[in-house]
Structures are given as structure tokens and as C-alpha cells.
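Shown next, in C-alpha cells, is the structure this report addresses.
Each residue takes its place number in the sequence, starting with 1.
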Amino acid sequence: MGGQDGYARDLLNYDSTSNTVMAGFRVHPNDRWDLGFNLTWTTSEAGLDPFSLSAPEYAATHPSMAFDFSQSHTYSDLDTTRIDAELDATYHINKSFRVNLGLRYADFSDDAPYLYDTSGTMTLYRASLGWSF
């Protein structure tokens, strides 16, 4: 309420943190095979400071509002965790052709849902042929 109806300007903070850990490796056991594994873990949190609509002069001259603002700051809170894992294997038929198979799994967790829970998992399978020329 910056300035109107006698309110003083009070900026709110929106604090956020995100942490990610990634690890992976790729091995070539021989000339024909490439094997790889990747793992990623991410956690994120964010939130708005609570705000106050306390202004005695305004409350004295205006009737109560129908909307309760006391929980409004929680509508933008985020608290999520995600794990991604990927496994792939490539077989080189010869110097020009190769076959690749892969599996990717992701698990997303909405740790603080407020409208609806967006948690879920996903599994993707991949098969491809490659040709270098």
C-alpha cells in the first residue's frame, strides 16, 4: 500500500535459497562400449516476509475488509526437492554407426503445497541410432 491512505512504504523481502549437488561418471571399458551415470539432487526454498496492514487511522475510517490478508505471504512459499538420475549405454557397431540406450528417472517433491500438490515422478526410456559421416 505504498503511500495511499496514509500508509508508510514498507518493502517486503522475498528470500530464496537453492542448493544443487551433481555427480556423474563415464567409462569406456573397451573400444565398443561407453557407459555413463549422472545423479542430480536439488532443494529449493523461498518465501515472502509476512506483511502487516496495521494503520490505526485507516482502520478507524474504513470498515473491515472481507479478505483476510494474514496468510497472504504463504501463497508464494516454495519448498521443493528433486532427484534426477540418468543411465546410458552406447555400443559402437563400427566407426560410423552406434546404438544408444538410456534411462532417466526424476522424482519431484512439493514439500509445501498450498493450492495443489505438484509432486510426481517421471521415467523416460530412450533408444537411438547414430551415424557419423
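Atom OG1 of residue Thr17 and atom CG of residue Leu78 lie 10.0 Å apart, to the nearest 0.5 angstrom. In this structure, CG on Leu103 lies 8.5 Å from CD on Glu86, to the nearest 0.5 angstrom. To the nearest 0.5 Å, atom CG of residue Asn13 and atom CG of residue Asp49 are 5.0 Å apart.
Under a 3.5 Å cut-off, the side chain of Asn30 and the backbone N or O of Arg32 do form a donor-acceptor pair.
Take Asn100 and apply the side-chain hydrogen bond (donor to acceptor under 3.5 Å, both in side chains) test, not counting sequence neighbours, and it matches Thr90, Arg126.
Remark: the Ser132 side chain and the Arg98 side chain contain an N/O donor-acceptor pair separated by less than 3.5 Å. Checked by atom type, the side-chain pair Asp111/Thr81 shows a donor-acceptor distance below 3.5 Å.
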> Given Thr123 and Thr121, is the side-chain contact (heavy atoms from CB on, under 4.5 Å) satisfied, shown in steps?
Replying inline: CA-CA 7 Å; Thr123 304; Thr121 60; 5.7 Å; no

>> Using the rule given for salt bridge (charged side-chain N to carboxylate O under 4.0 Å, His left out), can you reason through Asp107 versus Arg82, listing the C-alpha separation, both sets of side-chain angles and the distance that settles it, and then say yes or no?
In response: CA-CA 6 Å; Asp107 183 13; Arg82 180 175 171 146; over 6 Å; no

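Met22 CE: 12 or fewer foreign heavy atoms inside a 6.0 Å radius.
The hydrophobic cluster containing Phe25 also includes Val21, Val27, Trp33, Leu35, Phe37, Leu39, Trp41, Ile83, Leu87, Tyr91, Ile93, Phe97, Val99, Leu129, Trp131, Phe133, under a criterion of side-chain heavy atoms closer than 4.5 Å among ILVMFWY residues, counted directly or through chains of members.
Scanning both residues, Asp84 and Ala106, for their nearest heavy atoms gives OD1-CB, 3.3 Å. The shortest heavy-atom contact between Thr80 and Phe108 is CG2-CZ, 3.5 Å.
Between Asp34 and Arg26 there is no salt bridge, since none of the side-chain N atoms of the basic residue sits less than 4.0 Å from a carboxylate O of the acidic one.
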